[in-house]
Amino acid sequence: MKSIIALLLLVSVLTIGCRSSTNDKGLSYADFEPEEFYEVEGRVLSNLLSFSLPRNRVLNYEYFLDQETPLVGYELNIHRTLKPGERFIVLVHKQDSTISFFGYVNPMLLDRSIHKLRQRR
């Protein structure tokens, strides 16, 4: 009986951990083809723990930083810890710029973010 419970617990943890990240529209990156996206620079607004899924994070970010009012997005189930102000690559849908996903952290952008934070102090 204990082994069955342990097995069910293991399967549920793996299922939650393997879910793909979703954005503010409830869409998953897996719903699209990689060719449907282009890369832009984004900046972290906040990176908070999720109330509904412990150990998962909600990443709030803005992108199209060169515009007067950048677009804002968020993504659930992020497993990276980024600090507010840090920059990363956002994947933006070519047909609908309001569909975006966390892409990856470019080391060059991260270095530039850290340098800017140090200059403010």
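Of the inter-residue distances, the one linking L49 atom CG with T81 atom OG1 reads 8.0 Å to the nearest 0.5 angstrom. Atom-to-atom distance recorded for E41:CD and N106:CG is 8.5 Å, nearest 0.5 angstrom. With rounding to the nearest 0.5 angstrom, the CG atom of D66 is 11.5 Å from the CD atom of E68.
Looking only at side-chain heavy atoms (C-beta outward), V72 and N60 stay at 4.5 Å or farther from each other. Residues E62 and L71 fail the side-chain proximity criterion, which asks for heavy atoms closer than 4.5 Å. Put simply, the side chain of V44 reaches to within 4.5 Å of the side chain of L59, judged on heavy atoms. Looking at F64 and V90, their side chains never come closer than 4.5 Å, going by heavy atoms from C-beta outward. You'll find the side chain of E75 stays beyond 4.5 Å of the side chain of V58, heavy atoms only.
Evaluation of the ring pair (Phe, Tyr, Trp, His ring centres under 6.0 Å) rule for F37 yields Y29, F32, H93, F101 as partners, not counting sequence neighbours. Under the salt bridge (charged side-chain N to carboxylate O under 4.0 Å, His left out) criterion, D31 pairs with no residue, sequence neighbours left out.
A continuous path of hydrophobic side-chain contacts links F102 to Y38 [ILVMFWY only; heavy atoms under 4.5 Å].
The backbone N or O of L48 sits nowhere less than 3.5 Å from a side-chain atom of S46 that would complete a donor-acceptor pair. Listed for the R43 side chain is no donor-acceptor partner under 3.5 Å among the backbone atoms of R87. Between the side chain of N47 and the backbone N or O of L82, at least one donor-acceptor pair lies under 3.5 Å.
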Point to revise | Full working for side chain to side chain contact (heavy atoms under 4.5 Å, CB included) between I99 and V92 | key: CA-CA 6 Å; I99 298 174; V92 180; over 6 Å; no

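If you check the side chains of Y61 and S100, you find a donor sitting under 3.5 Å from an acceptor.
Here K94 does not pair with E36 in a salt bridge; the nearest charged N to carboxylate O distance is not below 4.0 Å.
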